[in-house]
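Written below as C-alpha cells is the structure these notes are about.
In what follows, chains are A, B, ... by sequence order, proteins preceding strands, each numbered from 1.
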Amino acid sequence: AQSVTQPDIHITVSEGASLELRCNYSYGATPYLFWYVQSPGQGLQLLLKYFSGDTLVQGIKGFEAEFKRSQSSFNLRKPSVHWSDAAEYFCAVGPQYSNYQLIWGAGTKLIIKP
Amino acid sequence: NAGVTQTPKFQVLKTGQSMTLQCAQDMNHNSMYWYRQDPGMGLRLIYYSASEGTTDKGEVPNGYNVSRLNKREFSLRLESAAPSQTSVYFCASSPQTRLVAASYNEQFFGPGTRLTVL
C-alpha cells in the first residue's frame, strides 16, 4: 500500500541553525511530492512541490527539498531557521494519475530554540 | 479574496447529536475536500468532490455525509456524532479539473473546525 513516513515527530533546532526534515514514501512509480506547513491554529499552506525535472526544488520562505528516487525520499531543508518557522510540517504524496487523493505523512513538529 | 472559509471554528457535541460543518471557497475551484486531522496520524481524507454535483468517498467516510451545494460550497454532516469523531476538520479546495498529471494542483486549506464529541 502507498504510504508516507515522517520519522521524526518532533525536531528542536536553534535559531540560525540549519534544518532537515525527512520524508520517505512507498509507491510503485514516481509520485507527485509536496511539503505543507501548518502554523499553530492555522490551515495548511503549500511550501513546495515536485512533479518532474530538476530534483532540487525551491519553495517559499527559503525552503528547498530534494527528491532522491533511489532512496524514495523527499527531504525538506532550510539553511538557517527563524523563530517564525516553528510549525508543523507535512509531507504528502499524490499518484501521477490521480483520483484526487493525497497521502499524508503524520507530520513533524519543529521547535525553535532561541 | 477570503480563500477557504469554514464555520464554526469550534463545536462541542454530545454523543448522538448531529451537526453540519460548512465550507465555502471564493477561488472558483472545481475540487473540494474534507479532511480530519488527528494527533500522530496526519490528514485523512473523508470525502471529496471533483466537480459540482459529484462526491466520492475518501479514506475514512464512515459516519459522515457530504453535499456539494454549488461550486462554492461543500458541507460535511455528522448524523449521529460519536466520540471517535473528535478531531480537527479541514476543508480544502483545488483548481484540479482532470485526472491527468499536468493538472495536479495544490490544495488550499481553510482554518479548520475543532470538534469535540462528549
Side-chain angles (χ1 to χ4, degrees), chain A residues 1-10 21-27 29-53 57 59-60 63 65 87-109, chain B residues 2-6 9-10 23 25 27 29-51 54-61 68 74 88-114:
Chain A
Q2 300 159 19
S3 65
V4 177
T5 303
Q6 293 181 246
D8 303 303
I9 298 173
H10 298 100
L21 302 182
R22 296 181 290 164
C23 173
N24 293 94
Y25 65 89
S26 171
Y27 185 67
T30 300
Y32 288 169
L33 298 157
F34 305 81
W35 275 101
Y36 282 79
V37 60
Q38 184 181 25
S39 298
Q42 304 295 315
L44 281 74
Q45 180 186 19
L46 181 71
L47 277 177
L48 47 78
K49 59 190 176 187
Y50 172 79
F51 285 176
S52 64
V57 294
I60 62 171
F63 285 91
E88 191 154 19
Y89 293 79
F90 293 91
C91 180
V93 164
Q96 284 199 0
Y97 293 93
S98 167
N99 62 351
Y100 298 84
Q101 296 196 35
L102 292 178
I103 302 161
W104 295 83
T108 298
K109 187 169 184 178
Chain B
V4 180
T5 56
Q6 293 182 234
K9 285 189 167 55
F10 301 93
C23 174
Q25 52 92 8
M27 295 174 283
H29 285 170
N30 291 292
S31 302
M32 296 186 74
Y33 311 81
W34 275 106
Y35 291 94
R36 58 178 290 172
Q37 183 182 36
D38 302 293
M41 300 189 73
L43 292 175
R44 291 184 292 169
L45 183 66
I46 305 171
Y47 272 92
Y48 66 97
S49 170
S51 62
T54 68
T55 61
D56 285 282
K57 294 178 181 179
E59 181 186 355
V60 289
R68 184 74 182 267
F74 188 39
V88 181
Y89 291 86
F90 287 100
C91 177
S93 71
S94 163
Q96 185 171 12
T97 57
R98 297 174 295 154
L99 291 176
V100 291
S103 65
Y104 207 110
N105 289 299
E106 76 175 274
Q107 295 182 13
F108 295 79
F109 285 79
T113 294
R114 187 172 294 273

*asked:* Would you say that more than 12 heavy atoms from the other residues, nucleotides or ligands in this model lie under 6.0 Å from the CZ of B:R114, or not?
replied: no

*Considering only heavy atoms, which portion of A:I9 lies under 4.5 Å from any heavy atom of chain B: side chain, backbone, both, or neither?*
neither

*Where on A:Q38 is there a heavy atom nearer than 4.5 Å to chain B: the side chain, the backbone, both, or neither?*
side chain

*Roughly how far, to the nearest 0.5 Å, is OH of B:Y35 from CG of A:L44?*
9.0 Å

*Would A:F90 and B:Q37 count as a side chain to side chain contact (heavy atoms under 4.5 Å, CB included) if you check the C-alpha gap in whole Å, the side-chain angles of each, and the deciding distance to 0.1 Å?*
CA-CA 12 Å; A:F90 293 91; B:Q37 183 182 36; 3.0 Å; yes

